[in-house]
2 protein chains.
Amino acid sequence: MSIELEPVIRTSLSKQIADQIESAIVDGSLKANDRLPTEEEMTQRFNVSRATIREAMKRLAAKKLIRSRRGPAGGTFINALNAAELSDNLITATTLFVSMNDISIEEISSTRKEMETLCCRLACQNRTLEDLEKLEIALVHQSDVHISAEAFCAADVNFHRTLADASHNRMLSFVMYCLIESLQPVANMLSYHFRERSVILNQHRRLIDAVQARNTNLATAIMTEQINYLERLQQDAQSAHANRHD
Amino acid sequence: MSIELEPVIRTSLSKQIADQIESAIVDGSLKANDRLPTEEEMTQRFNVSRATIREAMKRLAAKKLIRSRRGPAGGTFINALNAAELSDNLITATTLFVSMNDISIEEISSTRKEMETLCCRLACQNRTLEDLEKLEIALVHQSDVHISAEAFCAADVNFHRTLADASHNRMLSFVMYCLIESLQPVANMLSYHFRERSVILNQHRRLIDAVQARNTNLATAIMTEQINYLERLQQDAQSAHANRHD
DNA sequence: ATTTTCTATTTGTCATACAAATATAAATTA
DNA sequence: TAATTTATATTTGTATGACAAATAGAAAAT
């Protein structure tokens with residue numbers, strides 16, 4: 001027989017259920033802090049076992065779309081997602097993308113350069129006194145000579161995030177979080193050396209001043225200088241590493 | 001008694017297991033297409049029930065980190081993640097971010113404008129003949145007058161993605177996927193009207209020609225024109241909507 | 001009035017069984 | 001012999017039932 005049979009799509013029940021609920025969240029029929037039915041109720045509603053319901057819930061929990069609590073007033077609730085939580089997801093995804101697809105330093109670096117200079121332009125335009133204060137605080141933290149390499153890196157991420165926030169464009173901030181994190185391995189490497197630390201700190205000092213003065217050209221120039229500097233350092237480290245293996 | 005007791009952190013077992021495996025993927029100890037032990041083996045390895053292992057697996061599956069297949073040569077495998085699959089995750093996150101945080105049209109639009117013009121610049125520099133062919137095909141699909149509004153939107157997303165890919169910067173492509181999708185509701189709205197469709201199609205036509213001629217200024221100008229056009233349309237629609245409720 | 005205890009509810013985990021898919025080996029057929 | 005079919009073992013998918021742990025609110029005791 002040569003009848004063309006539709007290939008039966010067999011998606012697991014837990015995925016189907018998770019997808020249904022996710023759609024309901026995205027299209028707004030389920031709102032933040034809404035409570036889902038209990039697992040027991042859902043077994044009846046969807047006519048599947050509790051194990052299946054639970055697997056569906058874990059799928060949603062992995063995306064931070066829901067949270068669960070035990071007890072009488074407990075249950076499963078839709079999460080209100082802020083930028084920090086969501087960017088967590090983005091960062092894992094971006095990190096994996098970079099490592100699994102062999103994205104070159106140049107690709108990351110050039111994208112980041114363009115976007116960070118965009119942040120600088122907007123920060124010069126839109127920065128408030130509060131933004132300047134936050135940048136100063138971030139720089140003070142990063143300037144502490146006693147902090148570990150990890151702490152220096154975290155402080156560096158924080159400085160760049162603060163700068164992104166000063167653009168007063170939340171969409172841009174959101175996207176920047178990925179990129180800042182993606183170039184972090186470099187900073188991680190170099191922060192062991194105090195000489196490189198001071199170069200970075202000096203650039204950040206001048207960057208704040210330029211943003212304060214709303215000097216866009218100067219600010220973008222300093223940012224470009226920093227990212228070029230980081231790119232060069234990483235390339236040097238890579239070629240040194242390659243030579244060791246010859 | 002006033003002893004300071006460490007608050008016992010009680011993370012669910014399934015989350016702990018999922019996190020362990022995710023770390024192993026991120027740090028490279030688990031590579032693409034590696035096979036995880038069978039669920040039965042993992043119950044023994046982690047000393048938990050199979051249900052718990054399965055909940056952990058579903059958490060990873062939700063992030064597309066693993067895939068599973070039944071049967072003797074089946075099992076659970078680490079996924080090789082390409083941009084398209086990962087951007088799926090990003091798009092949900094971005095869509096939720098935009099809807100839950102009331103990100104304004106201006107914020108999305110200005111970010112997209114900057115980044116799409118960046119794509120144009122790089123596309124003019126780096127485009128190959130293959131890229132041009134792909135853009136032509138994308139435009140042909142979008143030009144079909146018989147397609148539905150949804151299909152027109154999908155074709156529009158495809159065109160902009162193809163343009164992003166023509167930049168030959170995969171990091172940039174990756175980030176662009178979020179933004180293209182974020183402005184999609186607008187396109188969705190206007191694609192019902194054939195007059196607006198033809199405006200978009202005309203802009204795309206000129207865009208391809210400009211990229212082919214490597215005319216950066218012209219390409220970026222057309223892109224800016226399109227995004228401004230979309231922004232204006234959405235603002236008009238919003239104010240019309242607001243007036244209805246006065 | 002305050003504290004303690006009880007109780008009911010809900011998620012978290014475990015154990016076992018069977019269904020469904022599927023690759024490989026074995027048996028059958030042309 | 002070669003191709004096809006059938007059996008078999010393996011692995012994930014689903015169902016069921018039970019109990020543990022957390023916890024909010026009611027009831028009881030102080």
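A note on names: the letters A, B, ... follow the listed sequences, proteins ahead of strands, and every chain is numbered from 1. Values below: all heavy atoms of this structure, side chains included; hydrogens, waters and symmetry mates excluded.
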I'd like to know if the side chain of [X] and the backbone of [Y] have a donor-acceptor N/O pair within less than 3.5 Å.
{"X": "A/Asn79", "Y": "A/Ile66", "value": "yes"}
{"X": "B/Glu107", "Y": "A/Arg170", "value": "yes"}
{"X": "B/Arg67", "Y": "B/Ile78", "value": "yes"}
{"X": "B/Ser110", "Y": "B/Glu106", "value": "yes"}
{"X": "B/Gln16", "Y": "B/Thr11", "value": "yes"}

What residues form a salt bridge (Lys or Arg N to Asp or Glu O under 4.0 Å) with [X], not counting sequence neighbours?
{"X": "A/Glu136", "answer": "A/Arg205"}
{"X": "B/Lys15", "answer": "B/Asp19"}
{"X": "A/Arg54", "answer": "A/Glu39, B/Glu55"}
{"X": "A/Lys31", "answer": "none"}

(request) Can you measure from NZ (B/Lys58) to CE (A/Met57) and round to the nearest 0.5 angstrom? (result)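 The distance works out to 14.5 Å.
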(request) Would you mind reading off the bend of the helix from C/dA1-D/dT30 to C/dA30-D/dT1 from its two end axes, five pairs each, to 10 degrees? (result)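 Comparing the first five pairs with the last five, the axes sit 10° apart.
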(request) Return the set of residues passing side-chain hydrogen bond (donor to acceptor under 3.5 Å, both in side chains) with A/Glu22 (not counting sequence neighbours), or none when no residue passes. (result)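 In terms of side-chain hydrogen bond (donor to acceptor under 3.5 Å, both in side chains), with neighbours along the sequence ignored, A/Glu22 is linked to A/Lys63.
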(request) Just grab all the ring-ring contact (aromatic ring centres under 6.0 Å, His included) pairs involving residues 47-98 of chain A, residues at least two apart or on different chains. (result)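 Applying ring-ring contact (aromatic ring centres under 6.0 Å, His included) to every pair that reaches into residues 47-98 of chain A, excluding sequence neighbours, yields A/Phe97-B/Phe174.
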(request) Provide the start and end nucleotides, 5' to 3', of the part of DNA chain D that has atoms under 4.0 Å from heavy atoms of chain A. (result)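 The footprint of chain A covers D/dT14 to D/dA24.
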(request) Please determine if A/Glu116 and A/Arg112 form a salt bridge, counting it only when a charged side-chain N lies under 4.0 Å from a carboxylate O. (result)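 Result for this pair is yes, salt bridge flagged.
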(message) Does anything in residues 53-68 of chain B come within less than 4.0 Å of DNA chain C? Heavy atoms only, and list the residues if so.
(response)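 DNA chain C contact set from residues 53-68 of chain B: none.
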(request) Identify, residue by residue, the members of residues 33-45 of chain A with a heavy atom below 4.0 Å from DNA chain C, and return them in order of residue number, or none. (result)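 Result for residues 33-45 of chain A: A/Arg35, A/Thr38, A/Glu39, sorted by number.
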Protein N or O to nucleotides 15-19 of chain C N or O, pairs below 3.5 Å:
none

(message) Would you say CG of A/Asp27 has more than 12 non-hydrogen atoms from neighbouring residues, nucleotides or ligands within 6.0 angstrom?
(response)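 Yes, the 6.0 Å shell around CG holds more than 12 heavy atoms from other groups.
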(message) How many whole angstroms separate atom CG of B/Asn47 from atom P of C/dC14?
(response)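 Rounding to the nearest Å, CG of B/Asn47 and P of C/dC14 are 8 Å apart.
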(message) Can you work out whether A/Arg69 or A/Leu13 has the more 5'-proximal nearest nucleotide on DNA chain D?
(response)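 Going by which nucleotide is closer to the 5' end, it is A/Leu13.
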(request) List in chain and number order the residues that pass ring pair (Phe, Tyr, Trp, His ring centres under 6.0 Å) with A/Phe46, two or more places apart in sequence or in another chain; answer none if no residue qualifies. (result)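 Here no residue qualifies.
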